Every structure is written in structure tokens, then in C-alpha cells.
Amino acid sequence: MTVRTRFAPSPTGYLHIGGARTALYCWLEARHRGGEFILRIEDTDRERSTDAAVQAILDGMNWLGLSHDEGPYYQTLRMDRYQAVADELLKAGKAYYAYESKEEIETMRAAAMAKGEKPRYDGRARDQNLPYRNDPNRVLRFKNPTSGSVVFDDKVKGRIEWSNAELDDLVLIRSDGFPTYNFAVVVDDIDMGITDVIRGDDHVNNTPRQVNIYHALGAAVPSFAHLPMILGPDGQKLSKRHGAVSVMQYRDDGFLPHALLNYLVRLGWSHGDQEIFSVAQMIELFDVADVNKAASRFDLEKLSWLNQQYLKNDDPREVAAHFEWHLRAQGIDPRTGPDPADVVVALRDRARTLKEMAEKAKVWYEPLREYDEAAVAKHLKTATAKPALEAARAQFDALSEWKVEAIHAAIEAAAAAIGEGMGKVAQPLRVALTGTQVSPSIDQTVYLAGRDEALRRIDAAIARA
RNA sequence: GCUCCCUUCGUCUAGCGGCCCAGGACACCGCCCUCUCAAGGCGGGAACACGAGUUCGAACCUCGUAGGGAGCGCCA
């Protein structure tokens with residue numbers, strides 16, 4: 001039987017970090033085992049579901065490259081099917097109508113609590129075989145087994161046993177005719193042939209009741225894997241207060257999609273001491289059974305480090321495509337300056353994100369307007385600054401080709417000409433070219449400016465020296 | 001309240017009874033390299049929640065305790 005996994009978000013907001021990791025693990029498990037990955041939108045909560053959220057989830061998955069093989073399926077389009085299965089259960093005597101009001105149920109719960117038990121429905125209509133009637137309180141409830149226990153082997157949590165005495169007769173069909181979550185997932189997972197249910201561990205508590213429904217329907221129970229949560233840096237539940245929660249926010253903040261993927265795959269899973277995984281390696285090595293049991297915290301520092309690793313090791317041309325996106329996002333036209341791929345090479349050791357890179361790259365795409373006063377005082381107002389700049393200018397002007405190596409040699413020649421070390425030429429030049437004391441290596445800094453602009457900036461600096 | 005789950009350096013983790021007075025990575029500190037800043041190299045500090053068992057031997061097995069989390073809806 002071919003493996004089929006699914007990611008089933010409810011469209012009530014953007015794709016967040018936790019959801020993205022769940023989707024990644026489902027996707028990897030399917031790819032690793034040569035199976036299929038299905039996307040299903042659980043939109044039965046009509047109050048909170050929006051089309052915008054559906055689009056946001058699709059966008060997030062698309063950016064991460066988590067392609068689905070089937071779907072998206074929408075639960076709201078499957079209402080007839082849930083009703084049909086419910087009727088089946090009713091006919092088989094495995095479900096029944098109940099008509100208690102919210103107040104009555106509330107009273108039952110309070111009574112159970114008072115006895116030191118869980119708040120739940122007491123099953124009073126269970127054996128009454130009440131007929132269908134048009135009543136605003138009408139719900140269809142599941143006849144949960146009253147004795148014995150439910151057992152399932154969770155691929156990450158291990159064997160979990162649950163006494164049926166702890167479970168009550170859950171609602172299958174609400175009074176508004178919509179199925180409840182626990183019923184709809186089971187019907188969907190059966191219909192869609194899902195073999196491996198991989199989801200957040202906030203669902204472990206639902207699993208025993210779902211297993212009972214599988215049994216009542218005579219369907220094969222899939223294997224389950226419940227993933228631990230991702231916590232914020234402070235160990236608290238991830239929320240908007242912790243900054244970026246939406247996956248797309250990470251794109252805006254300058255992260256590469258596969259850096260995020262790499263970070264996410266290592267959060268709760270590992271393969272020996274390996275830290276860097278290409279997507280192909282993830283697919284080859286991932287096994288959901290190796291996922292850790294405990295929750296983990298999100299650490300932006302490590303994500304940033306990983307991002308820089310990819311910035312440094314990926315093909316500059318590929319990084320440049322993402323880099324240009326960020327240049328534009330910051331209002332810079334890439335055509336007004338050097339080749340973005342060259343800029344990537346110059347800045348990838350100095351920036352952890354593409355956003356940071358784009359900010360640092362502005363000097364080459366916009367005219368130099370300001371000088372840092374401290375930089376001017378320290379490196380331009382010296383006895384050697386002017387001769388150094390003049391010597392460098394002469395060398396640059398005479399260069400037959402404008403290349404980093406040639407520029408490097410020219411600067412060395414200029415230093416030799418005035419009898420000083422590299423530093424005495426490099427620093428004034430750096431201030432001349434960027435207005436600051438910090439930039440990539442001086443030859444690259446000069447190169448990226450282009451000869452005409454470099455000479456212009458040097459002339460302006462000489463005038464100030 | 002009840003049920004279920006979890007617990008190795010600050011963080012992510014390796015470890016699946018002897019290879020561990022616990023390894024790697026991020027972060028941090030120091031040194032080296034150096035035209036600035038980085039990157040890189042080398043080195044350093046830093047953890048098995050606690051208590052009982054089982055065993056010749058426990059981070060690994062069992063049971064408690066403590067702490068944390070999830071759920072107990074006609075929400076998903």
C-alpha cells in the first residue's frame with residue numbers, strides 16, 4: 001500500500017512556524033517512503049475560516065516548496081458525505097439522536113466535576129433510541145464503547161492506552177448540520193486513504209475517540225505520529241508577541257526558504273551530528289519515528305547562522321535572485337548598480353540575512369550623500385590620507401581592466417608608492433567610497449562602485465582631506 | 001478537579017546498559033589571521049530535574065516526587 005500523508009490546517013490565519021514544521025514532516029515522510037502528500041483545508045468552522053487564510057497557507061507552502069500531490073480538498077465541499085456516514089452509523093445502532101439543551105449539558109458537567117470526574121455528557125439518551133425530530137438542540141452522538149480500552153502505537157510518543165471509561169459520547173453532527181472535527185477528520189482520512197496521520201501533539205487526546213470511530217466504521221486504523229510543540233524563545237507558547245510567527249514574515253526578514261526548512265527539520269529531529277541538510281538529504285534521511293518527544297524552543301540565532309551558511313555556500317546567482325527581491329523591497333533598482341551576484345559574493349560573509357545584505361548594499365546603488373564624521377576625522381584628516389588617495393586614484397585611472405585582482409594590485413602599488421602599509425591606503429579609500437569605516441575588503445568595495453563612480457568618490461574625498 | 005504526555009549544557013541535540021567523570025551545533029569568552037567589519041582556524045567555560053530501586057555496571061530499565069505541557073466543547 002502506498003504511503004499517504006496529509007497536512008490539514010484550518011484556514012483561520014497564516015501558516016505559522018508550527019504548522020510549517022508539521023507540513024514539512026508530513027511532506028518528508030511521504031517523499032522518503034515514495035508516497036503521496038495530500039493537502040486538506042479543514043474549514044468547517046464557518047465563523048473563523050476565510051479565503052484569505054486559505055491563500056496565505058498556500059502561499060507559505062509554495063514559498064517553502066512543500067508541494068502537495070492531491071488537493072486541496074475542502075471539508076465544506078464534503079457535507080453530503082459526512083451526513084451519509086452519519087446515517088450509516090445511526091442505522092447500525094452506533095450513533096443516536098440526543099436533544100439536551102446547552103443548559104442541561106452544562107448541569108451534567110458541573111455534576112461530574114463535583115464528583116471528581118471529567119466534565120462530560122452522561123449518555124442519558126444513549127439507549128432511548130429517540131427518533132429524528134426537528135428540534136434546535138438535535139445532535140447526533142457517537143456510541144462510544146463503555147468498557148475496555150483503546151490502544152494505539154504512536155510513532156513518536158510510543159504506546160498509548162486509554163480507558164474507554166474516560167470517554168463520553170461525542171457529538172458527530174452538530175445541531176446546525178455540520179460535522180464536528182473529530183468526525184470529519186476520520187471520515188476524510190478514511191476516504192482519502194491516509195495511511196499515516198502526522199499532526200501536532202495537541203491532538204493525542206482526540207486520538208482514542210477517533211480510533212473508536214474507525215472501529216465503528218470497520219475501517220483500518222492509520223498509524224499516528226504526534227509531533228511535539230514548538231515554543232517561543234522564552235519557553236512559552238509561540239504567539240504574535242514573540243515576533244515573527246508567520247512563515248512569510250521570515251521571507252520578509254531575509255531568510256532563504258531552504259534555510260528555514262533546514263532549521264525546522266532539526267527542531268525535534270536529528271541525524272547524528274549533522275547540522276546542514278539539503279532538501280534531498282532530508283528526504284533521504286528523515287523518518288518520523290526518529291522525531292523527539294519533547295517540545296523545543298525556537299531560536300532565531302541558530303536560524304540566522306544557518307541562513308548565512310546557505311548565503312555563503314549556495315551559488316551566488318541563485319542567491320542573487322532572492323537578493324534582488326529584497327533590493328526592490330527596499331526601494332532600490334538593481335539596474336542602478338553592480339551585478340547583484342557580485343554584491344552577494346562581497347557581502348555574504350558579512351550579513352546573516354538578505355534584508356541585512358540589501359541594507360548594506362545601498363552604498364553601491366545610491367549616490368553617496370553622507371560621511372560619518374568620526375570616519376572622516378580618523379582616516380581623512382591625516383597627513384597620509386591625501387597622498388594615499390591621489391596615488392590610488394592614479395593607479396585606478398591607469399588600470400586596463402576593472403577587476404578585483406587588478407584593483408587589489410593597484411592598491412598595493414599605491415601603498416608602495418607612498419611608502420606606507422595597506423591600512424594607510426585602504427582606510428581612507430574606504431571612507432571615500434562608502435563614507436564609513438566598515439565595508440567588505442577594500443578591493444571589492446572599490447570594484448563594486450565601478451570605475452567612474454569610484455573616481456568621483458575619491459575626488460570628493462580628496463577635496464575634504 | 002480528572003486523563004494523557006514530556007524532562008541531557010542558556011538553546012537545538014547525540015546517546016538507545018559498559019565506547020560517557022557525557023559528543024556536536026548555535027550563542028558566549030579568549031587567542032590567531034587581518035585594510036575595517038565579518039568570515040575562518042584554534043582553545044575555553046557550560047547539562048544527564050530529584051529520590052529510590054533493578055544490575056557486576058545506569059543518562060539509558062522500573063517506581064515514585066517535583067516541574068512543565070496538552071486535553072476534558074454542538075472550536076479545530
Side-chain angles (χ1 to χ4, degrees), chain A residues 8-12 42-45 47-49 75 98 100 102 105-106 109 112-121 137-141 154 156-158 160-163 165-168 170-182 184-185 200-208 226 228-229 231 233 235 237 263 266-276 292-306 308 312 347-352 360 375 379 408 411-412 415 421-431 434 436-443 445:
Chain A
S10 60
T12 54
E42 309 216 325
D43 55 353
T44 53
D45 183 348
E47 304 278 298
R48 301 191 299 151
S49 299
Q75 290 189 320
E100 287 79 17
K102 304 235 176 187
I105 292 170
E106 209 41 61
R109 294 217 171 86
M113 281 284 253
K115 285 196 291 179
E117 287 169 5
K118 287 191 202 184
R120 55 189 198 164
Y121 179 70
N137 288 329
R138 186 197 63 249
V139 294
L140 188 74
R141 283 184 183 272
D154 193 283
V156 349
K157 302 282 182 184
I160 293 176
E161 179 164 2
W162 213 285
S163 172
E166 295 294 330
L167 272 21
D168 66 356
L170 76 161
V171 171
L172 259 23
I173 300 288
R174 301 188 228 157
S175 53
D176 62 3
F178 274 69
T180 56
Y181 164 76
N182 279 304
V185 248
D201 71 2
D202 46 333
H203 288 292
V204 274
N205 301 286
N206 288 323
T207 308
H226 287 97
M229 304 194 64
L231 273 17
K237 206 168 171 174
Y263 178 71
R266 278 286 286 104
L267 203 59
W269 175 84
S270 61
H271 179 72
D273 289 336
Q274 189 172 342
E275 297 287 349
I276 309 286
N292 290 153
K293 297 176 175 191
S296 42
R297 302 187 191 200
F298 191 87
D299 181 17
L300 196 60
E301 289 290 345
K302 189 150 186 181
L303 204 214
S304 301
W305 173 79
L306 265 171
Q308 187 173 34
K312 282 167 52 181
L347 289 173
R348 61 187 174 178
D349 284 342
R350 299 170 173 79
R352 313 240 287 177
K360 288 186 200 287
H379 299 295
H408 188 83
I411 295 168
E412 280 181 335
M422 269 290 268
K424 288 286 191 240
V425 181
Q427 283 305 79
L429 262 181
R430 198 178 316 274
V431 178
T434 70
T436 70
Q437 303 184 59
V438 176
S439 84
S441 66
I442 194 61
D443 45 12
T445 300

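These values consider heavy atoms only, across backbone and side chains, with no hydrogens, waters or symmetry-generated copies. Letters go in sequence order (proteins before strands), and every chain restarts at 1. Source: prediction; values computed, not measured.
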| query | Considering only B:rA76, B:rG73, B:rC35, which nucleotide approaches the side chain of A:P119 most closely? | reply | B:rG73

| So which one's nearest nucleotide on RNA chain B is more toward 5', A:E301 or A:G423? | A:E301

| query | If you look at every strand shown and take non-hydrogen atoms under 4.0 Å, does A:E42 touch a base, only sugar-phosphate, or nothing? | reply | sugar-phosphate

| message | Any base atoms under 4.0 Å from A:P440, or only sugar-phosphate, or nothing? Heavy atoms, all strands. | response | base

| request: Mind checking A:S10 for me? I need base, sugar-phosphate or nothing, with any heavy atom below 4.0 Å counting as a touch. | output: sugar-phosphate

| If we take the C1' atom in both B:rC75 and B:rG68, what is their distance in whole Å? | 25 Å

| task | Nearest whole angstrom, please: distance from the C1' of B:rC74 to the CZ of A:R120. | result | 18 Å

| query | Are A:S441 and A:H408 linked by a side-chain donor-acceptor pair shorter than 3.5 Å? | reply | no

| query | To the side chain of A:Q427, which of B:rC12, B:rC74, B:rU36 is closest? | reply | B:rU36

| message | Can you tell me if A:R109 touches the phosphate of B:rG73, counting only side-chain N or O atoms and a distance under 4.0 Å to OP1 or OP2? | response | yes

| Base, sugar-phosphate, or nothing: which does A:I442 touch, judged by heavy atoms less than 4.0 Å apart? | base

Sub-3.5 Å pairs of nitrogen or oxygen atoms, protein against nucleotides 62-66 of chain B:
none

| task | Looking only at side-chain atoms of A:D443, point me to the closest of B:rG71, B:rC35, B:rA76. | result | B:rC35

| task | Answer with base, sugar-phosphate or nothing: what part of the nucleic acid does A:E100 contact at a heavy-atom distance below 4.0 Å? | result | base

| Quick one: does A:E117 reach the base of B:rG1 with a side-chain donor-acceptor pair under 3.5 Å? | no

| task | Please tell me which of the listed nucleotides, B:rA76, B:rA70, B:rA27, lies nearest to the side chain of A:H203? | result | B:rA76

| field | Proximal nucleotide (of B:rC74, B:rU11, B:rA25) relative to the A:E275 side chain | value | B:rA25

| query | For B:rC75, does OP1 or OP2 lie under 4.0 Å from any side-chain N or O of A:T44? | reply | no

| task | Go through A:E100 and A:R138 one step at a time and tell me if the salt bridge (Lys or Arg N to Asp or Glu O under 4.0 Å) criterion holds. | result | CA-CA 8 Å; A:E100 287 79 17; A:R138 186 197 63 249; over 6 Å; no

| request: Name the nucleic acid region contacted by A:G268, choosing base, sugar-phosphate or nothing; use a 4.0 angstrom heavy-atom cut-off, strictly under. | output: sugar-phosphate

| Which of these nucleotides, B:rA27, B:rC74, B:rG71, is closest to any side-chain atom of A:R352? | B:rA27

Using atom names, set out every protein N or O paired with an N or O of nucleotides 4-6 of chain B below 3.5 Å, distance rounded to 0.1 Å.
residue : atom : partner : partner atom : Å
B:rC5   : O2'  : A:K157  : NZ           : 3.1
B:rC6   : OP1  : A:K293  : NZ           : 3.3

| message | Using a 4.0 Å heavy-atom cut-off, does A:K312 contact any base of the nucleic acid, only the sugar-phosphate backbone, or nothing at all? | response | sugar-phosphate

| note | Out of B:rC12, B:rC74, B:rC37, minimum distance to the side chain of A:V438 belongs to B:rC37

| message | Need to verify one output field. Residue with the more 5' nearest nucleotide on RNA chain B, A:N137 or A:R297? | response | A:R297

| query | Closest to the A:E166 side chain: B:rG24, B:rC35, B:rC2? | reply | B:rC2

| Atom C1', compared across B:rC4 and B:rA25: separation rounded to whole Å | 33 Å

| request: Consider the side chain of A:N292, meaning its heavy atoms from C-beta on, and name the nucleotide among B:rA76, B:rA14, B:rC35 that approaches it most closely. | output: B:rA14

| query | Is the phosphate of B:rA14, meaning OP1 or OP2, less than 4.0 Å from a side-chain N or O of A:S270? | reply | yes

| task | Using the C1' atom on both, measure B:rC56 against B:rG71 and round to a whole Å. | result | 45 Å

| said: Checking contacts here: which listed nucleotide (B:rA25, B:rC35, B:rC12) is nearest the side-chain heavy atoms of A:S296? | reply: B:rC12

| field | Over 12 foreign heavy atoms within 6.0 Å of NZ, A:K157 | value | yes

Distances for protein N or O near nucleotides 20-23 of chain B N or O, under 3.5 Å:
residue : atom : partner : partner atom : Å
B:rG23  : N2   : A:D273  : OD1          : 3.0

| field | pair A:R141-A:L170: side-chain heavy atoms closer than 4.5 Å | value | no

